[in-house]
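Hydrogens, waters and symmetry mates are skipped; everything else that's a heavy atom, side chains included, is used.
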Amino acid sequence: MASNAAFRPALVIVDVQEDFCPPSGSLAVAGGRDIIPTINLLLSLPFSIKVATKDFHPRDHISFASNHPPPNNIPFESMITISNPYNASETQSTRLWPDHCVQGTPGAEILPELDIGKVQHIVEKGQDRQVEMYSAFTDPFESPSVATSDLLKKLKDANISHVYIAGLAMDYCVKFTALNSAKAGFRTYVITEGTRAVDPGPDGWGATQKDLELQGVPLVSIDGEEMKLVRHGSQSTP
């Protein structure tokens, strides 16, 4: 897709919500709030479209440790296997989390510091209680998928060629959104200064960077060549 199109970049800001940030977020990522100045700078650049995503869970969401019986219901520690409700042969193993980004609660709100007036679209995800949905595009199941947002349609309708991603958290929702973006055919980048990881160590940040690069998704700097294309409105594709 991207190699045959004019350069039309999109900015996708993943889940910069109260519950993912200090000081009071139930699933706060260290330094999560510190990325907002970088993201606001990105929002000032001439992207073709700018999209923000939101985790938007029901209270009985399968990813919440509180919705599972003890003793295997410890947030951050317990693991579960989720089966595709329409195809039991498809499964996903994932961590359990504290209740977070519950619909209608303050924790689900986008940070007030974000310059939301420059965002054209807000995409909600994670509404289906049956599945975990780290990616802003779709859940991990394919035969068939269970929950899909309208992010892909918005990008295609805008004839997007390149997708630049920032937000939270690097090793979960940013990672899987970036992988799905690349899979959909967009040239995809994650902006290093615009994200933080749940696990900032080698098992989180380092392993995630390797996984992304193996799938053709590099981490790039806000001062790098890839961002100069956006600033200068290049019509060529790198």
> Passes salt bridge (charged side-chain N to carboxylate O under 4.0 Å, His left out), Arg59 versus Asp99? Steps please.
Replying inline: CA-CA 8 Å; Arg59 289 190 179 275; Asp99 292 18; 5.6 Å; no

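- By the rule that hydrophobic residues join a cluster once side-chain heavy atoms approach within less than 4.5 Å of another member, Val51 and Phe56 end up as members of separate clusters.
- Listed by chain and number, the residues in a side chain to side chain contact (heavy atoms under 4.5 Å, CB included) with Ser83 are Thr91 (sequence neighbours excluded).
- Formation of a donor-acceptor pair under 3.5 Å by the Asp19 side chain with backbone atoms of Cys101 is found in this model.
- Proximity of a side-chain donor or acceptor of Ser78 to a complementary backbone N or O of Asn73 within less than 3.5 Å is detected.
- Hydrophobic clustering, with ILVMFWY side chains joined whenever heavy atoms are under 4.5 angstrom apart, keeps Leu96 apart from Ile74.
- Put simply, the side chain of Thr195 gets close to the backbone of Gly167: a donor and an acceptor are under 3.5 Å apart.
- Residues Lys183 and Gln215 have side chains not in contact (no heavy-atom distance under 4.5 Å, counting atoms from C-beta outward).
- The closest donor-acceptor contact from the side chain of Thr94 to the backbone of Ile80 lies at 3.5 Å or more, if one exists at all.
- A salt bridge does not link Asp171 to Lys175: none of the charged nitrogens lies less than 4.0 Å from a carboxylate oxygen.
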> Hey, mind stepping through Tyr134 and Thr177 against side chain to side chain donor-acceptor pair (under 3.5 Å) and telling me if it holds?
Replying inline: CA-CA 7 Å; Tyr134 293 132; Thr177 298; over 6 Å; no

Residues 109-117, side-chain donor-acceptor partners within the protein, below 3.5 Å, at least two apart:
from   : atom 1 : to     : atom 2 : distance (Å)
Glu113 : OE1    : Arg33  : NH2    : 3.3
Glu113 : OE2    : Arg33  : NE     : 2.6
Asp115 : OD2    : Lys118 : NZ     : 3.4

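- Between His162 and Tyr164, the ring-plane angle classifies as parallel under the 30° and 60° cut-offs.
- For Ser145 (side chain) and Glu142 (main-chain N/O), no donor-acceptor pair under 3.5 Å exists by modelled atom type.
- A donor-acceptor pair is defined here as one N or O able to donate and one able to accept, closer than 3.5 Å; no such pair exists between the side chain of Ser63 and the backbone of Glu132.
- Cluster membership check: Tyr172 shares its hydrophobic cluster with Phe76, using side-chain heavy-atom separations under 4.5 Å among Ile, Leu, Val, Met, Phe, Trp and Tyr.
- Note on Glu213 versus Lys210: no salt bridge recorded, every NZ/NE/NH1/NH2 to OD/OE distance being 4.0 Å or above.
- With hydrophobic clusters built from ILVMFWY side chains whose heavy atoms lie under 4.5 angstrom apart, Met133 does not share a cluster with Val102.
- Taken together through direct or relayed side-chain contacts under 4.5 Å among Ile, Leu, Val, Met, Phe, Trp and Tyr, Leu151 and Val190 form part of one hydrophobic cluster.
- A salt bridge does not link Lys54 to Asp15: none of the charged nitrogens lies less than 4.0 Å from a carboxylate oxygen.
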